[in-house]
Amino acid sequence: MNPLFTYAKRATTATLLAGGLLTAAAQAADEPPMTLSGSKIAAQSGATIYQSICQACHQADAQGAQGAGFYPALAGNMKLAAADFPVYVVLNGQNGMPPLRGLLDDAQIAEVVNYVRSHFGNHYQDQVTAEQVAAKR
Amino acid sequence: MELTSGLTRRQVLGIIGKTAGVAAMYQAMTALGYAGESTEAATRFALHGAPKDTSILILGAGIAGMTAAYELKKAGYSVKILEYREKAGGRCWTLRGGDTFTELGGATQKCEFDPGLYFNPGPWRLPYNHYGILHYAKTFGVALEPFIQVNYNAYVHSNKAFGGKPVRYREVQADYQGYMAELLAKSINQGALDQEMTLQEREMVIASLKSWGALDDNYHYGKTISAAWRRGFEVNAGGGLMPPEAASQPLARRELIESAFWKRIITGQLVEFQSSIFQPVGGMDMIAQAFARQLPGTIRYNAKVTNIHQDERGVSVQYTDTVNGQALTEQADYLVCTIPASILAQIPMNVGAPMQAAIHSLPYGASSKVGLQFKRRFWEQDDFIYGGISYTDLPIRSISYPSTDYGHPGKGVLLGGYTWEGPNSYEFTAMTPAQRVQKAVEYGAQIHPQYKTEFDNGVAVGWHRVPWTQGCYGQWGDDEHLREQHYKNLCDIDGRIVLAGEHCSHIPAWQEGAVLSAQDAISRLHAKIVAQQ
């Protein structure tokens, strides 16, 4: 675990509320929102950001995929143990994966990293904050 | 360079090109002040004098791999290609009725287009100045037809401008040009540019603005017949006792400027999109098929490369037959590897740290395309749009109408969405194929309401889900630092291995980049092999 990250306990009431509302709206539409303007992805919650970007390669079940090459599974991926690794990869890309720093703001990156690290059989309790992502830019 | 013999510059370049290859020829051209047409040399490309019994293995039967194979064979090398897919072409790819495509994640689409109708998920245009790819298309007898890039009767659309009503391209073009001319004429007449120009120059510019912008005698752009000749008439001139022609009302200036629709009239002015621009008759993969016909018995299909090794004796490539799972090995003296860096980064290969770092540093860009079949060609029948592109700021970004089969009474296929980078490329790729098609129909219906009743079926490709590329193209991007740091190391020969493909070019995502990269790579490899004899 990287000492640079101070692990915020679960989100504050305010972000929980906002997140809850967004999640409810997204669920009502049964799909993530589509971006209609600007250079940032419209989705705001971890789940909808995952569905808007990540699952294109890592797949809806986070099991990855195999072709001439492969996309690694994020499900049960030990490399997610230290939160700064997925934060780094999302910001800067890796191999063929494009950097997503332009598509996502700090809060969105924190949301999606927290989502992946607490779903798909990943059970990491610590959370990344937008401020911690900002420090890595 | 002083030329003292009787040779012309072109003859000198021909000699250099034949003996030393395109890279040397380019350097010579620069020295001769001839670099403006440098890539034109691709049409005269030839290598000569392969040392006896020298074998070169090529990985990938896309445009780069097949260019390399074709030219190396002609030079006398023993050549073999290993290809992951069951057919040749790579990203030079066309989907027709009856074709199936299984993307990463396992979703399989069966294309249900009518006979003769097709959709190019990858490259779809051949600019006149892409000399290399056009050279091979012509050499192999691939039939070409004009691709309509700019259609003045196509639409420009945004839900944030003109009440969401699509505007004709010619209206945007004429009105923007007219208003800019009017504003500039006004500022000149008000003396704003007196310091900038002499009186004579100002008078010339004023006269040119009147002509260029279709301004009236008061240097005003408005509802006039001369403006209507550019933007279209309210009532067209007719015959007999039909009503006389009538001028049309230009779009409101402020709204036009704020709409940013003017961005759309620039695209067709870029050299990559200027007339003439072509497409192969029947689909882009006509070029891939023509290349493959030149290489009988050369391509080993269904070969998934798992390891690349070189030593002082040669190269050895391990691969798996994807049909029967058999593990096989191919050996050669040298290797031209055109596998996309996105895939190559995952294949063990003993090259030096600089090339390895370059391969691992190149991200692959996102893009998606949707092909839609409709029960009739309503864009021609109702909207009088024959080929060309309508632009929108909706997530589909554009609609491109087929540049072929005009007036055909049956069904038609158009490009119902083409995203390039940006959030929408990722969003479309992240959807299931059915969702992509559904979304493209939903958004397209805001421009063409006929979609609702005329839609028949569709196919959709998100390039990060394409099993043989994992992305659309090598995204060097605007980050000059990335190219500065890694590009040369990606292209330099490492021992017996050289890389080629659009990712090893300054023309990413274009087939021309693949051709020029292949020609340059094999020129350098050939020079090295010959020098070692």
Side-chain angles (χ1 to χ4, degrees), chain A residues 26 29-44 46-75 88-105 108-109 112 115-116, chain B residues 60 83-85 102-107 158-160 303-305 322 339-347 359-366 368 393-395 421-432 435 439 442-443 462-472 474-475 477 479 503:
Chain A
D30 201 26
E31 57 189 30
M34 204 122 190
T35 307
L36 294 175
S37 65
S39 56
K40 294 275 193 287
I41 284 275
Q44 297 294 321
T48 55
I49 294 167
Y50 186 87
Q51 290 160 29
S52 294
I53 305 178
C54 315
Q55 75 175 22
C57 298
H58 298 288
Q59 306 301 323
D61 57 4
Q63 291 297 330
Q66 283 281 345
F70 65 93
Y71 289 129
L74 299 179
Y88 176 86
V89 172
V90 171
L91 279 171
N92 302 298
Q94 194 181 49
N95 293 340
M97 174 179 163
L100 301 173
R101 57 171 65 230
L103 282 183
L104 298 167
D105 64 25
Q108 287 173 307
I109 291 176
V112 76
Y115 175 76
V116 171
Chain B
E83 166 55 42
Y84 172 76
R85 296 182 71 197
T102 301
E103 64 180 35
L104 289 171
S158 168
N159 278 332
K160 302 176 195 88
K304 175 175 169 167
V305 172
T322 56
I339 297 174
S342 48
I343 309 279
L344 191 56
Q346 301 176 328
I347 299 173
I359 293 166
H360 285 268
S361 299
L362 185 58
Y364 267 59
S368 73
D393 60 358
L394 290 171
E421 299 300 341
N424 301 139
S425 291
Y426 291 87
E427 290 163 344
F428 269 109
T429 308
M431 293 175 192
T432 64
Q435 285 173 327
K439 280 284 165 197
E442 222 175 277
Y443 287 119
W463 276 93
H464 271 99
R465 293 230 182 169
V466 173
W468 59 91
T469 59
Q470 296 190 178
C472 185
Q475 189 188 28
D479 182 1
H503 55 296

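Chain letters run A, B, ... following the sequence lines, proteins first, then strands; residues in each count from 1. On a predicted model such as this, the values are computed, not experimentally measured, just so you know.
Using modelled atom types, no side-chain atom of N424(B) and backbone atom of M34(A) make a donor-acceptor pair closer than 3.5 Å. Y71(A) places a side-chain N or O within donor-acceptor distance of the main-chain N or O of H464(B), the cut-off being under 3.5 Å. With hydrogens and angles disregarded, a donor-acceptor distance shorter than 3.5 Å links the side chain of K304(B) to the backbone of G67(A).
Put simply, of A345(B), P395(B), P340(B), the one with the most heavy-atom pairs under 4.5 Å next to chain A is P395(B).
Across all non-hydrogen atoms, the minimal contact from A430(B) to Q51(A) is CB-O, 3.2 Å. A pairwise comparison of heavy atoms in I343(B) and G69(A) identifies CD1-N, 3.7 Å as the closest pair. When all heavy atoms of R465(B) and Q55(A) are compared, the pair lying nearest together is NH2-O, 2.8 Å. When all heavy atoms of Y364(B) and P98(A) are compared, the pair lying nearest together is O-CG, 3.2 Å.
Residues S52(A) and P423(B) have side chains not in contact (no heavy-atom distance under 4.5 Å, counting atoms from C-beta outward).
For the side-chain contact (heavy atoms from CB on, under 4.5 Å) with E31(A), the lone residue among M431(B), K439(B), E427(B) that qualifies is K439(B).
No more than 12 heavy atoms of other residues, nucleotides or ligands shown are found within 6.0 angstrom of OH on Y88(A).
The structure places CE of M97(A) at 12.5 Å from CD of Q470(B), a figure rounded to the nearest 0.5 Å. Taking OH of Y426(B) as the reference point, atom CD1 of I41(A) lies at 8.5 Å (rounded to 0.5 Å). Remark: S158(B) OG to L36(A) CG distance equals 10.5 Å, nearest 0.5 Å.
Using a 4.5 Å cut-off between heavy atoms, L104(B) touches chain A through backbone and side chain atoms alike. Contacts between Q475(B) and chain A at a heavy-atom distance below 4.5 Å involve the side chain alone, from C-beta outward. Residue L104(A): no heavy atom, backbone or side chain, is found under 4.5 Å from chain B. For L103(A), the part lying under 4.5 angstrom from a heavy atom of chain B is the side chain only. Neither the backbone nor the side chain of Q63(A) comes within less than 4.5 Å of any heavy atom in chain B. Looking at T35(A), the atoms closer than 4.5 Å to chain B (heavy atoms on both sides) sit in the backbone and in the side chain alike.
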